[in-house]
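Inspection log for the structure reproduced underneath, given as structure tokens.
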Amino acid sequence: MGNSKSGALSKEILEELQLNTRFTQEELCAWYQSFLKECPTGRITQQEFAGIYAKFFPDSDPKAYAQHVFRSFDANSDGTLDFKEYVVALHMTSAGKTTQKLEWAFSLYDVDGNGTISKNEVLEIVMAIFKMINPEDLKHLPDDENTPEKRAEKIWAFFGKKEDDKLTEEEFIEGTLANKEILRLIQFEPQKVKERIKEKKP
């Protein structure tokens with residue numbers, strides 16, 4: 001990452017990011033400038049990342065979720081994100097293909113990084129998601145998923161797993177692609193909840 005301190009993005013990284021994401025050269029260069037303003041060292045720490053995240057969710061407590069998101073993006077596990085990791089993360093969660101997003105979701109739920117997901121890990125992420133749902137939205141959740149425990153139970157049941165079973169990445173991706181309900185349950189999308197409730201009313 002030779003020149004990450006200087007104001008320009010290296011040609012290699014620029015080309016690699018253009019190849020692996022849908023972002024244009026102009027977008028990448030503009031983001032890099034604002035990235036350096038926020039993080040003059042060229043790296044984001046977990047605290048800084050949580051701070052950026054908090055701006056998006058002023059009415060809730062996204063700290064726990066932000067930590068998990070950060071962990072899943074920290075490709076080399078060095079405790080910081082460089083610009084490349086940051087942009088790949090942005091791409092995966094916003095513009096990536098469904099399977100890419102699900103690969104990322106798997107790494108988010110695989111808390112200990114051992115290549116499988118346990119029911120406890122599902123509960124840990126769901127608890128972090130619940131801290132970000134504002135109380136008004138919580139009231140509108142269906143009875144069988146209005147607590148982290150119930151939602152984790154529901155997700156686990158959809159995958160047809162027993163209490164102590166483990167879920168592989170392949171099972172996770174196939175199961176989620178085959179069942180839109182799982183996709184809804186594993187994501188944090190409070191606005192969608194409101195839309196669905198509106199649809200259900202006569």
Heavy-atom distance under 4.5 Å between the side chains of [X] and [Y], does that happen here?
X: E174; Y: E171; answer: no
X: V122; Y: L167; answer: no
X: N134; Y: S60; answer: no
X: N76; Y: E85; answer: yes
X: F159; Y: T176; answer: yes
X: E121; Y: Y109; answer: no
X: I182; Y: F172; answer: no
X: I125; Y: F130; answer: no

- Between Y86 and F73, ring centroids under 6.0 Å: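 No, they do not, as the ring centres are separated by 6.0 Å or more.
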- Message: Applying a strict under-4.5 Å side-chain criterion to I, L, V, M, F, W and Y, I'd like to know whether V111 and M127 cluster together.
- Response: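 V111 and M127: separate clusters.
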- Query: Are L138 and L123 connected in the hydrophobic side-chain network, where two residues link if heavy atoms are under 4.5 Å apart?
  - Reply: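 No, because L138 and L123 fall into different hydrophobic clusters, even though each may have its own neighbours under 4.5 Å.
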Has [X] got a side-chain atom pairing as donor or acceptor with [Y]'s backbone, closer than 3.5 angstrom?
X: E145; Y: K150; value: no
X: Q187; Y: R184; value: no
X: E38; Y: F35; value: no
X: E169; Y: T116; value: no
X: Y32; Y: E27; value: no
X: K161; Y: K166; value: yes
X: D110; Y: N114; value: yes
X: R151; Y: N146; value: no

- Which is it for I44 and T80 under the side-chain contact (heavy atoms from CB on, under 4.5 Å) test, yes or no, and what are the steps along the way? CA-CA 5 Å; I44 292 187; T80 62; over 6 Å; no
- Item | All pairs passing salt bridge (charged side-chain N to carboxylate O under 4.0 Å, His left out) where residues 71-81 contributes a residue, at least two apart |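 Salt bridge (charged side-chain N to carboxylate O under 4.0 Å, His left out) check on residues 71-81 returns R43-D78.
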Roughly how far, to the nearest 0.5 Å, is [atom2] of [Y] from [atom1] of [X]?
X: T99; Y: L177; atom1: OG1; atom2: CG; answer: 7.5 Å
X: T98; Y: E103; atom1: OG1; atom2: CD; answer: 11.0 Å
X: L36; Y: F83; atom1: CG; atom2: CZ; answer: 8.0 Å
X: I186; Y: L108; atom1: CD1; atom2: CG; answer: 8.5 Å
X: F70; Y: Q46; atom1: CZ; atom2: CD; answer: 5.5 Å
X: I129; Y: K131; atom1: CD1; atom2: NZ; answer: 12.0 Å

Side-chain donor-acceptor pairs under 3.5 Å in residues 13-21, sequence neighbours left out?
unit_1	atom_1	unit_2	atom_2	d
E16	OE1	K84	NZ	3.4
E16	OE2	K84	NZ	3.2
N20	ND2	E16	O	3.1
T21	OG1	L17	O	2.6
T21	OG1	F23	N	3.3

- Which pair of non-hydrogen atoms, one from A54 and one from P62, has the smallest distance, and what is that distance?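 Result for this residue pair: CA-CG, 3.8 Å.
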- Task: Report the residues that fulfil side chain to side chain donor-acceptor pair (under 3.5 Å) with W104, sequence neighbours left out, ordered by chain and then residue number.
- Result: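 Applying side chain to side chain donor-acceptor pair (under 3.5 Å) to W104 gives S72.
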- Should M132 and D61 be marked as a side-chain contact (heavy atoms from CB on, under 4.5 Å) after you check the CA-CA gap, both sets of side-chain angles, and the distance that decides it? CA-CA 5 Å; M132 291 164 60; D61 175 15; over 6 Å; no
- Message: Looking at D164, I want to see if its CG is surrounded by more than 12 non-hydrogen atoms of other residues, nucleotides or ligands under 6.0 Å.
- Response: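 Check fails, neighbour count at 12 or below.
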- Might you confirm whether atom NZ of K63 has over 12 heavy atoms from other residues, nucleotides or ligands at distances under 6.0 Å?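 No, NZ of K63 has 12 or fewer neighbouring heavy atoms, counting only those of other groups under 6.0 Å.
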